[in-house]
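Every chain is numbered from 1, with letters handed out A, B, ... down the list of sequences. These numbers come from a predicted model, not from an experiment.
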Protein chains: 2
Amino acid sequence: MKEEQSLFANYLKSKGLKMTSARRTVLRAFIKSEGHLSAEDLLAAAKKIDPGLGQATVFRTLKLLSDAGLAQDACQEEGPRRYEHVYKQSHHDHLICIGCGKMIEFCHPEIEKAQNEIFKKFGFRGTGHKLELRGLCADCARKLDEENK
Amino acid sequence: MKEEQSLFANYLKSKGLKMTSARRTVLRAFIKSEGHLSAEDLLAAAKKIDPGLGQATVFRTLKLLSDAGLAQDACQEEGPRRYEHVYKQSHHDHLICIGCGKMIEFCHPEIEKAQNEIFKKFGFRGTGHKLELRGLCADCARKLDEENK
DNA sequence: CTTAGTGCAAAGGTTTTGCAAATTG
DNA sequence: CAATTTGCAAAACCTTTGCACTAAG
């Protein structure tokens with residue numbers, strides 16, 4: 001939290017932007033939140049802290065958080081765009097069941113290594129990755145098999 | 001193409017849906033297309049084949065293609081939702097420059113292996129993955145360094 | 001003080017839906 | 001034939017923008 005505060009403050013300063021109370025409010029709401037949240041979710045959460053906050057501010061701040069590297073698109077298939085924290089240390093990747101939508105988060109060190117190889121190969125300075133595995137969980141696989149007898 | 005036709009036909013049949021000429025048109029346009037395309041792009045492409053086609057049909061068919069596992073969300077950060085083919089054999093992963101937006105597609109066999117380990121560990125029957133690496137390409141990294149002297 | 005940020009409401013863009021007519025199995 | 005699908009236009013939805021006012025550096 002403290003760290004994210006100052007990361008954001010630094011980012012703003014580097015761009016000649018200002019740390020305002022509205023932005024602090026949105027950041028607090030965002031940090032407290034869990035999972036994937038839409039701009040509307042974040043607005044609701046932020047309004048609990050400051051009811052006078054406008055939705056345009058949330059959209060604008062979310063874009064800044066994303067530029068600052070603190071938030072990233074969570075890439076849902078449907079509905080509004082959703083965002084999630086970017087965790088500096090432990091990347092959490094996603095395993096999603098296409099049957100029931102259940103989502104499991106996991107880490108895999110091999111993938112970190114592979115990532116760095118790719119960056120090197122293409123001359124990139126890496127900043128992050130996002131991996132989504134899709135499949136059927138055991139329950140859904142069983143159900144499907146039964147349906148098809 | 002032939003294969004995708006019949007995959008789609010099977011999917012439709014399994015759901016009690018019908019293979020119509022509009023759906024064939026959208027499928028053809030989708031298969032011919034390359035890269036990431038929005039519903040609007042697909043509509044334009046499909047209209048070249050059948051000018052009478054309506055946009056609602058494209059949205060509806062795109063959802064079916066996605067349910068059938070032939071199309072998937074390409075996960076851009078901004079603008080309209082974009083879709084891309086699902087390639088059965090060679091997964092192409094994405095390396096994206098956050099500076100200029102340049103996108104490189106690559107394959108990495110280690111990642112295929114890691115993917116299967118994860119699926120096994122969680123009892124999933126896997127169907128695919130999506131990996132996005134983000135960073136600065138050599139050009140953008142250089143530019144940034146110069147700016148900050 | 002000067003520049004950037006805010007909330008509001010209106011505009012913009014994308015996607016979905018209701019419906020009567022047309023098409024499919 | 002019964003059931004699904006279509007194109008159209010309208011509606012719904014999500015996001016951005018213009019503006020007058022306020023707050024930050």
Side-chain angles (χ1 to χ4, degrees), chain A residues 5-6 8-30 36-68 71 73-83, chain B residues 5-6 8-30 36-68 71 73-83:
Chain A
Q5 279 265 12
S6 65
F8 193 40
N10 285 346
Y11 172 79
L12 292 174
K13 190 178 284 180
S14 79
K15 295 279 179 180
L17 304 176
K18 294 168 179 175
M19 173 56 94
T20 66
S21 81
R23 286 179 181 158
R24 261 188 294 267
T25 301
V26 175
L27 178 59
R28 272 176 61 198
F30 180 67
H36 299 166
L37 79 171
S38 64
E40 197 182 348
D41 297 336
L42 185 52
L43 173 62
K47 278 203 169 183
K48 283 187 189 154
I49 303 176
D50 172 7
L53 207 125
Q55 65 160 3
T57 300
V58 170
F59 278 95
R60 288 186 276 229
T61 306
L62 214 28
K63 189 159 289 174
L64 289 174
L65 287 172
S66 163
D67 291 346
D73 198 294
C75 244
Q76 299 279 110
E77 296 286 313
E78 317 200 340
R81 211 175 287 278
R82 284 167 186 284
Y83 295 84
Chain B
Q5 279 265 13
S6 65
F8 193 39
N10 285 346
Y11 172 79
L12 292 174
K13 191 180 282 178
S14 79
K15 295 278 179 181
L17 304 175
K18 295 169 177 174
M19 174 55 95
T20 66
S21 80
R23 286 179 182 159
R24 263 187 292 270
T25 302
V26 175
L27 179 59
R28 273 176 60 198
F30 181 66
H36 299 167
L37 78 172
S38 64
E40 197 182 348
D41 297 335
L42 185 52
L43 174 62
K47 280 205 169 182
K48 283 187 188 154
I49 305 176
D50 170 8
L53 208 124
Q55 65 160 4
T57 300
V58 170
F59 276 96
R60 287 186 276 232
T61 306
L62 213 30
K63 189 160 289 176
L64 289 173
L65 287 172
S66 164
D67 291 346
D73 197 294
C75 243
Q76 299 278 111
E77 297 285 312
E78 315 199 344
R81 210 177 286 280
R82 284 167 186 284
Y83 295 84

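Distance B:L42 CG to C:dT14 C1': 15 Å, rounded to the nearest Å. Across the protein-nucleic acid pair, A:K15 atom NZ and C:dT3 atom C1' stand 17 Å apart, rounded to whole Å. If you take CZ of B:R60 and P of C:dT14, they are 19 Å apart, rounded to a whole angstrom. Taking atom CG of residue A:L53 and atom P of nucleotide C:dG5, one finds them 14 Å apart after rounding to whole Å. Distance, B:F8 CZ to D:dT5 C1': 12 Å, rounded to whole Å. Look at CG on B:L43: it is 13 Å from C1' on D:dC8, rounded to the nearest Å. Protein atom CG of B:D41 is 13 Å distant from nucleotide atom C1' of C:dT14, rounded to whole Å. Atom-to-atom, CG of A:D50 to P of C:dC8 comes out at 10 Å; the value is rounded to the nearest Å.
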**Message:** Set out, in order, the CA-CA distance, both residues' side-chain angles and the distance that settles salt bridge (charged side-chain N to carboxylate O under 4.0 Å, His left out) for A:R82 and A:D41, then state yes or no.
**Reply:** CA-CA 9 Å; A:R82 284 167 186 284; A:D41 297 336; 3.1 Å; yes
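A pairwise comparison of heavy atoms in A:R28 and A:I49 identifies NH1-CG2, 3.8 Å as the closest pair. Shown here for B:T57 and B:A22, the closest heavy-atom pair between the two residues is CG2-CB, 3.9 Å. In terms of heavy atoms, A:A46 sits closest to A:L53 at CB-CD2, 4.3 Å. Taking all atoms of both residues into account, the shortest heavy-atom contact from A:T61 to A:F8 is CG2-CZ, 4.3 Å.
Comparing atom distances between the B:A22 side chain and each of D:dT6, C:dA9, C:dT17 picks out D:dT6 as nearest. Distances from the side chain of A:E40 to the nucleotides D:dC14, D:dT6, C:dT15 place D:dC14 closest. Proximity note for A:Q55 (side chain, C-beta onward) versus D:dA9, C:dG5, D:dT15: the nearest is D:dT15.
Residues A:L17 and A:R23 are in side-chain contact: their nearest non-hydrogen atoms beyond the backbone lie under 4.5 Å apart. Side-chain atoms of A:F59 and A:Q55, non-hydrogen and from C-beta on, do get closer than 4.5 Å to each other.
Counting only Watson-Crick and G-U wobble pairs whose two key distances fall under 3.5 Å, DNA chain C forms stems of three or more stacked pairs at C:1-25 with D:1-25.
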Give every pair of a protein N or O atom and an N or O atom of nucleotides 22-24 of chain C that lie under 3.5 Å apart, one pair per line with the distance.
residue : atom : partner : partner atom : Å
C:dT24  : O2   : B:K18   : NZ           : 2.6

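Among A:L37, A:V26, A:V58, the single residue meeting the side-chain contact (heavy atoms from CB on, under 4.5 Å) criterion with A:L43 is A:V58.
With rounding to the nearest 0.5 angstrom, the CD atom of A:Q5 is 7.0 Å from the CZ atom of A:R24.
Contact annotation: B:K63 reaches the phosphate of C:dT16 (side-chain N/O to OP1 or OP2, under 4.0 Å).
Toward the 5' end of DNA chain D, the nearer of the two residues A:F59 and B:L12, judged by each one's closest nucleotide, is B:L12.
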